[in-house]
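FYI, side chains are in, hydrogens and waters are out, and symmetry mates aren't considered; it's all heavy atoms of this structure. Start at 1 and go down the list; that is how both ligands and their atoms are numbered.
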Amino acid sequence: MLDGEEGAVVAKCMKLLVKLGEIYGAERMVKIGSSQVAGVSYKSIGEPGLEFLRGFAEEGTKVRVPTYLNPAGMDLENWKDFGISENFAQKQKEIINAFKKMGVVITCSCTPYLLGNLPRYGEHLAWSESSAVVFANSVIGARTNREGGPSALAAAIVGRTANYGLHREENRKPSILIDIGGQLKTNADFGALGYWVGKTIKNRVPYLHGVEECTTDNLKSLGAAMAASGAIALYHIKDRTPEAKHYEDEIKNLETIEFFTEDLKESYDELSDCDDPDLIVIGCPHASLSEIEFLAKKLKDKKLKKSLWVCTSRCIKVWADEMDYTKIIEASGAKIVCDTCMVVSPLEELDFRCIGTNSGKAAKYLPGFCNKNVFFADIDDLVEKGLK
Ligand code: F3S
């Protein structure tokens, strides 16, 4: 492949991966089970990104492993309802078409593991969206570095990646123990913990002790926030994540820090800088069917006075439609937004001032990426605000 026997694009991709491997000390390549490609929104990649993808697609390049796509910059069907300009929509559609031509599945979601791209324990991957990466490594026990958009696409095209970083056992060991005092109840609580862990230990592998009950949705929120505030791509939780049991002896000698109820409260305060949201956004990472069901129960027979968007994948929305959750949610005045999210869409161009969210990751990113103030709260508080 490197010598060009399979064409110029394949050689270019292999060259990129070999170079990365050399930089990070890989001794060999490993085959991957799947890829997940970020860098899809026209807002993030702009004209140079579109040119690059167009070039690859026109060469007839195809991915050789299942490859799923990250959120785009708009709802691909209802973009007009969200104030997206014709020019932006046109460019975004061109990006999507280029990916489609290469055989990338147009899932437009950061939760590929909820949509049929479910890796197995120990499987090597090349995923790139930070919340998906930390979920795959920690909750599933698969192995992926946080790839950039181009390197994830290159890995999808050659079916391999370089064996460094979190692909190797020795880099998956925890280096700090975090003792959790107090009970965490909601996705927002887990997001606040994730935010605190990320900003406190930055880029290390934590071993969490004391998380009593947790759902898959809680872990999805936790990892997303850790990745956003501290670039963490792997965590272990005693009795909750699959690799934790391998490190029970090692953690006895680790540096330990504690997380108290006051830290939880402080994280909520740090993530908020307004308290009167004019737009509420749920679904970062993209909402699961159970989160949508929960919201439908809360909004049944109610009328919202504020805007509320639920960001999810089109695939999950099909199930929500089938179960009448969409009908209930939309009857309250809320909207289900597919294929995109509050951070990668051009929200800064819309006339909202204070954004309410229960996501630690969105709360961390919205001020910088979209120039908005944030009210970070649990879903019950957000709905209450929305009804006033
Ligand atoms: Fe997903 Fe967007 Fe949040 S990509 S993790 S919903 S910032």
Determine yes or no for a side-chain-to-main-chain donor-acceptor pair under 3.5 angstrom, with K220 supplying the side chain and H286 the backbone.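 Here the side-chain-to-backbone pair exists.
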For residues 224-336, which residue pairs qualify under disulfide (SG to SG under 2.5 Å), counting only residues two or more places apart or in two chains?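 Residue pairs passing disulfide (SG to SG under 2.5 Å), neighbours aside: C274-C354.
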Less than 3.5 Å apart, which donor and acceptor atoms pair up between the side chains of residues 250-258 and the rest of the protein, not counting sequence neighbours?
from	atom 1	to	atom 2	distance (Å)
K252	NZ	D249	OD1	3.1
E255	OE1	R204	NH2	3.3
T256	OG1	L254	O	3.3

Tally every protein N/O/S atom whose distance to atom 2 (Fe) of ligand 1 is less than 2.8 Å; waters are neither shown nor counted.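 For atom 2 (Fe) of ligand 1, protein nitrogen, oxygen or sulfur atoms under 2.8 Å: 1.
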So Y113 and F135, would you call those rings parallel, tilted or perpendicular, with 30° and 60° as cut-offs?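 Answer is parallel, since the angle falls under 30°.
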Ring centroid separation W309 to F82 under 6.0 Å: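 For W309 and F82, the ring centres are under 6.0 Å apart.
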Is ligand 1 less than 4.0 angstrom away from at least one heavy atom of G283?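 For ligand 1, residue contact (heavy atoms, under 4.0 Å) with G283 is present.
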For L234, the rest of its hydrophobic cluster, which grows through side-chain links under 4.5 angstrom: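 Taking Ile, Leu, Val, Met, Phe, Trp and Tyr as members, L234 shares its hydrophobic cluster with L166, V205.
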